[in-house]
Chemist: 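Okay, handing you the structure first.
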Amino acid sequence: KISRLVVTTIGAPQRKRKAARRRSEVLVWKGKKINLHRLMRELHRRGIRELLLEGGGTTNFEFFRLGLVDEIYLTLCPVIIGGAGSPTPVDGAGFNPREFLKFSLTRIKRAGGELFLHYRRA
């Protein structure tokens with residue numbers, strides 16, 4: 001069972017791929033851009049049925065755009081970063097109102113000052 005998988009392209013610096021291999025399995029994509037539908041088929045072929053995506057806002061947007069997200073786990077923390085360059089869950093071009101993705105809240109857990117929210121695709 002894979003505990004951590006890093007997916008990158010052949011264009012990524014070799015030293016970074018080598019460093020990632022110390023802590024993870026590294027899947028190197030042969031093209032310049034990762035085809036996410038093909039990636040998901042490959043992961044499914046490997047028996048992977050759940051995926052924790054930690055790719056940043058632009059990567060997250062692409063998974064949403066392609067309809068590849070079934071669930072969302074969000075943690076609301078009492079920390080405000082602010083600024084136009086601050087990290088956000090989803091960046092990218094965004095959706096027009098007719099294409100907004102709808103999710104239903106299924107669970108809320110509170111731990112200290114943080115809220116853990118679980119949503120499923122509506």
Side-chain angles (χ1 to χ4, degrees):
K1 183 175 179 178
I2 297 172
S3 60
R4 187 179 300 164
L5 175 68
V6 173
V7 181
T8 187
T9 64
I10 195 73
Q14 189 168 351
R15 65 178 170 71
K16 288 188 176 185
R17 294 194 317 249
K18 185 177 179 181
R21 281 191 179 96
R22 288 187 217 122
R23 322 177 285 290
S24 313
E25 178 182 341
V26 177
L27 176 61
V28 180
W29 210 259
K30 292 185 173 132
K32 291 182 179 182
K33 188 175 179 183
I34 297 167
N35 180 311
L36 297 180
H37 284 292
R38 286 183 50 211
L39 172 62
M40 296 304 286
R41 285 193 297 273
E42 172 62 20
L43 296 177
H44 192 270
R45 185 189 69 74
R46 293 172 175 226
I48 297 170
R49 302 296 183 264
E50 293 181 342
L51 183 67
L52 169 62
L53 178 63
E54 294 190 38
T58 301
T59 299
N60 292 348
F61 174 75
E62 287 303 309
F63 273 82
F64 279 110
R65 186 181 70 79
L66 295 172
L68 299 173
V69 178
D70 298 323
E71 296 179 279
I72 305 170
Y73 289 85
L74 293 174
T75 303
L76 186 58
C77 302
V79 176
I80 303 298
I81 298 172
S86 297
T88 64
V90 180
D91 290 322
F95 296 101
N96 73 50
R98 292 183 307 276
E99 297 172 331
F100 286 171
L101 303 179
K102 308 273 197 257
F103 288 80
S104 298
L105 182 63
T106 61
R107 198 167 122 218
I108 300 172
K109 179 181 174 184
R110 181 179 175 178
E114 297 182 354
L115 292 176
F116 299 89
L117 310 170
H118 177 208
Y119 294 87
R120 289 190 195 271
R121 187 78 189 257

Chemist: Can you tell me how far CG of Leu105 sits from CD1 of Ile72, rounded to the nearest 0.5 angstrom?
Modeler: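 Nearest 0.5 Å value for the CD1-CG distance: 10.5 Å.
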
Chemist: Out of curiosity, Ile48 CD1 to Leu43 CG, how far, rounded to the nearest 0.5 Å?
Modeler: 4.5 Å

Chemist: Would you find more than 12 non-hydrogen atoms of other residues, nucleotides or ligands less than 6.0 Å from Arg107 atom CZ?
Modeler: no

Chemist: When you measure from the side chain of Arg17 to the backbone N and O of Ile10, does any donor-acceptor pair fall under 3.5 Å?
Modeler: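 Looks like yes, one N/O pair under 3.5 Å.
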
Chemist: Picking from Val7, Leu53, Asp91, what satisfies side chain to side chain contact (heavy atoms under 4.5 Å, CB included) with Thr59?
Modeler: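 Single pass found, and it is Leu53.
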
Chemist: Could you pull out all residues at least two apart from His118 that satisfy ring-ring contact (aromatic ring centres under 6.0 Å, His included)?
Modeler: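 Tyr73.
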
Chemist: Drop me the distance from Leu68's CG to Leu51's CG, to the nearest 0.5 angstrom.
Modeler: 9.5 Å

Chemist: Would you be so kind as to tabulate the donor-acceptor pairs closer than 3.5 Å made by side chains of residues 30-39, with sequence neighbours excluded?
Modeler:
{"residue": "Asn35", "atom": "OD1", "partner": "His37", "partner atom": "N", "Å": "3.1"}
{"residue": "Asn35", "atom": "OD1", "partner": "Arg38", "partner atom": "N", "Å": "2.9"}

Chemist: Are Ile108 and Leu76 grouped together when hydrophobic residues (ILVMFWY) are joined by side-chain heavy atoms under 4.5 angstrom apart?
Modeler: yes

Chemist: Taking atom OG1 of Thr88 and atom CG of Asn60, what is their separation to the nearest 0.5 Å?
Modeler: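 The OG1 atom of Thr88 sits 8.5 Å away from the CG atom of Asn60.
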
Chemist: Out of curiosity, does Ile80 fall in the hydrophobic cluster containing Leu74 (side-chain heavy atoms, cut-off under 4.5 Å, transitive links)?
Modeler: no

Chemist: For Arg110 and Gly112, indicate whether the former's side chain and the latter's backbone hold a donor-acceptor pair under 3.5 Å.
Modeler: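 Yes, the answer is positive, given that a donor and an acceptor are paired below the 3.5 Å cut-off.
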
Chemist: Could you give the distance from OG1 (Thr75) to CG (Leu117), rounded to the nearest 0.5 Å?
Modeler: 7.5 Å

Chemist: Please report the interatomic distance CZ(Phe63) to OG1(Thr58), rounded to the nearest 0.5 Å.
Modeler: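 Going from the CZ atom of Phe63 to the OG1 atom of Thr58 covers 12.5 Å.
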
Chemist: Measure the shortest side-chain to side-chain distance between Glu71 and Arg121 over non-hydrogen atoms and say whether it is less than 4.5 angstrom.
Modeler: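 Counting from C-beta outward, Glu71 and Arg121 never come under 4.5 Å.
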
